[in-house]
Amino acid sequence: MRKLHAGVIGLGFIGPQHIDGIRRVPGADVLAVCGREEDNPAAVAERFDVPRAYRDWREMIADPDIDVVHNCTPNALHDEINRAAILAGKHVYCEKPLSDSAAQARDIWRLAVARGVAHGLNHQYRLNAPVQEMRARLQNGLAGRPLFVWGRYLQESAARASDWSHRMENTGIARTINDIGIHWTDTACCVLGHPIVSVMAELTTHHPVRTDAQGGTHAVDTEDTAMILVRFADGTPGSLIASKAANGHKNDLRVAVACETYGMEWSQEDPDRLTVGLKETGFETVYMNPRTCQPETRAYITTPMGHVMGWPDALRNALARYYASIAEDTYRAPIQPYATFEDGFRGMAFVEACVRSAKTRAWTEVEQP
Ligand code: SOE
């Protein structure tokens, strides 16, 4: 089978990461990049040795040689570009969040399925080997009954009133939950094997007015910090703090499951190991050893112990499985190892339930597919 040709739209932080990730996947290559004039797509194409460069995403989507569209644009552009790509018969791999609302997410998910294209969403964290090990140990009954799930996703980009970014504008009904909160929920639900069905949320905007470098002021009414209680479909309770106002925390995603036999904790900033909590002794660091990990985990282990698998490796694991599902024609199956547009719907339903809960100050059901 010939290589699948990708076109990457959006050349900010994440677009170039996708270019690198695609190139680590057998059977895929990057044929084109597309970006705004200020991103200078021709210069990016030259720097990354990509054959084609576009300034208009519509032209790139019309390119008959493009098989897969990677949507790495600002959130507000995701739906329009995904829709155009799907209608043009392209497979789509989109950065989170999928859409501005659960209704819009459900609609684009249905369109992708109806048009028979592969639809991936970049919740890459679930593809870390230790995350898969947590999932496998739970499924294989080694950790005992799950008692509760806890964790956090903390960053520091919005701690000060002078921390202003255009990414704080046009974010929809929420900002922190739909930027990083849904990364935690996707990872936690993958580990536990059950969706979140209800939430109780407290949202805080620490700086309703922010100042930019030129002294201009900007009103911000979306949350910087979200403190959320959750209930999973199997009855397991959980809690999450998601904040972009935690000075010192760079990309501090942590998912933990307290279980009857032992506890398991994973930190994205120590991504290639698992911490197991034992009553009799204390904490044990488990490195990803193919010989001792669960069989389901082995495929996610790509380097020997001590050769740290990190953030780029999780993205590569996600893309490798996405492109394999196209090459092997298995992408139509509803359950994939990578996050799909169904998970995108679930994420937006979670966001909407949290916003409703914060307004009503009550437990709120999460809309299900
Ligand atoms: C959120 O702002 C975000 O872009 C995440 O989506 C990425 O996974 C993380 O690497 C940087 O922060």
Side-chain angles (χ1 to χ4, degrees), residues 8-22 24 39 70-78 93-100 105 120-128 130-131 151-160 163-172 174-190 203 206 210 220 222-226 228 240-255 266-272 308-319 322 338-339 341 343-344 346-348 350-351 354:
V8 178
I9 305 176
L11 300 175
F13 151 67
I14 201 71
Q17 301 295 333
H18 280 234
I19 295 171
D20 282 345
I22 295 163
R24 297 179 66 191
D39 293 324
H70 285 244
N71 191 343
C72 300
T73 61
N75 299 353
L77 292 176
H78 286 182
Y93 192 84
C94 184
E95 271 296 331
K96 38 47 67 179
L98 176 58
S99 303
D100 290 340
L121 192 70
N122 194 39
H123 284 308
Q124 64 189 71
Y125 295 113
R126 60 158 75 184
L127 282 303
N128 281 275
V131 173
R152 66 194 191 211
Y153 197 159
L154 303 177
Q155 294 180 335
E156 58 185 1
S157 59
R160 299 170 182 151
D163 292 327
W164 161 253
S165 156
H166 286 290
R167 286 189 70 186
M168 294 177 179
E169 292 178 315
N170 308 316
T171 63
R175 174 163 47 91
T176 298
I177 313 173
N178 55 350
D179 192 36
I180 56 177
I182 55 175
H183 267 317
W184 185 88
T185 56
D186 182 77
T187 309
C189 292
C190 176
L203 308 184
H206 301 299
R210 291 180 174 270
V220 176
T222 48
E223 81 288 357
D224 301 300
T225 297
I228 305 166
L240 158 68
I241 293 185
S243 179
K244 294 179 92 61
N247 279 319
H249 293 272
K250 307 309 177 187
N251 196 37
D252 185 6
L253 167 61
R254 182 178 292 250
V255 176
W266 173 74
S267 171
Q268 198 286 134
E269 293 186 354
D270 282 316
D272 69 333
V308 178
M309 294 179 288
W311 189 94
D313 300 295
L315 176 56
R316 178 218 165 271
N317 278 350
L319 295 174
Y322 173 76
Y338 54 86
F341 283 12
D343 300 295
R346 290 185 182 280
M348 290 318 298
F350 172 78
V351 170
C354 289

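Residue numbers start at 1 and run along the sequence shown. Whatever order the structure lists them in is the order used to number ligands and atoms, beginning at 1.
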| said: Does K96 form a side chain to side chain contact (heavy atoms under 4.5 Å, CB included) with D179? I'd like the steps, not just the answer. | reply: CA-CA 7 Å; K96 38 47 67 179; D179 192 36; 2.9 Å; yes
Which protein N or O atoms sit under 3.5 Å from any N or O of ligand 1? Give each pair with its distance.
unit_1: ligand 1; atom_1: 2 (O); unit_2: R167; atom_2: NH2; d: 3.4
unit_1: ligand 1; atom_1: 2 (O); unit_2: D179; atom_2: OD1; d: 3.4
unit_1: ligand 1; atom_1: 2 (O); unit_2: D179; atom_2: OD2; d: 2.6
unit_1: ligand 1; atom_1: 2 (O); unit_2: K244; atom_2: NZ; d: 3.3
unit_1: ligand 1; atom_1: 6 (O); unit_2: K96; atom_2: NZ; d: 3.0
unit_1: ligand 1; atom_1: 6 (O); unit_2: H183; atom_2: NE2; d: 3.0
unit_1: ligand 1; atom_1: 8 (O); unit_2: Y125; atom_2: OH; d: 2.7
unit_1: ligand 1; atom_1: 8 (O); unit_2: H183; atom_2: NE2; d: 3.4
unit_1: ligand 1; atom_1: 10 (O); unit_2: Y125; atom_2: OH; d: 3.3
unit_1: ligand 1; atom_1: 10 (O); unit_2: W311; atom_2: NE1; d: 3.0
unit_1: ligand 1; atom_1: 12 (O); unit_2: Q155; atom_2: NE2; d: 3.0

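- A donor-acceptor pair under 3.5 Å links the side-chain atoms of Q124 to the main chain of W311, judged by distance alone.
- Between the side chains of N251 and Y125, at least one donor-acceptor pair of N or O atoms lies under 3.5 Å.
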Quick one: side chains of residues 12-20, donor-acceptor pairs under 3.5 Å with protein atoms, not counting sequence neighbours, listed by atom name and distance.
unit_1: H18; atom_1: ND1; unit_2: H70; atom_2: ND1; d: 3.0
unit_1: H18; atom_1: NE2; unit_2: E95; atom_2: OE2; d: 2.8

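- Between D163 and K244 there is no salt bridge, since no side-chain nitrogen of the basic residue lies less than 4.0 Å from a carboxylate oxygen of the acidic one.
- Side-chain N or O atoms of D224 include one that pairs as donor or acceptor with a backbone N or O of H206 at under 3.5 Å.
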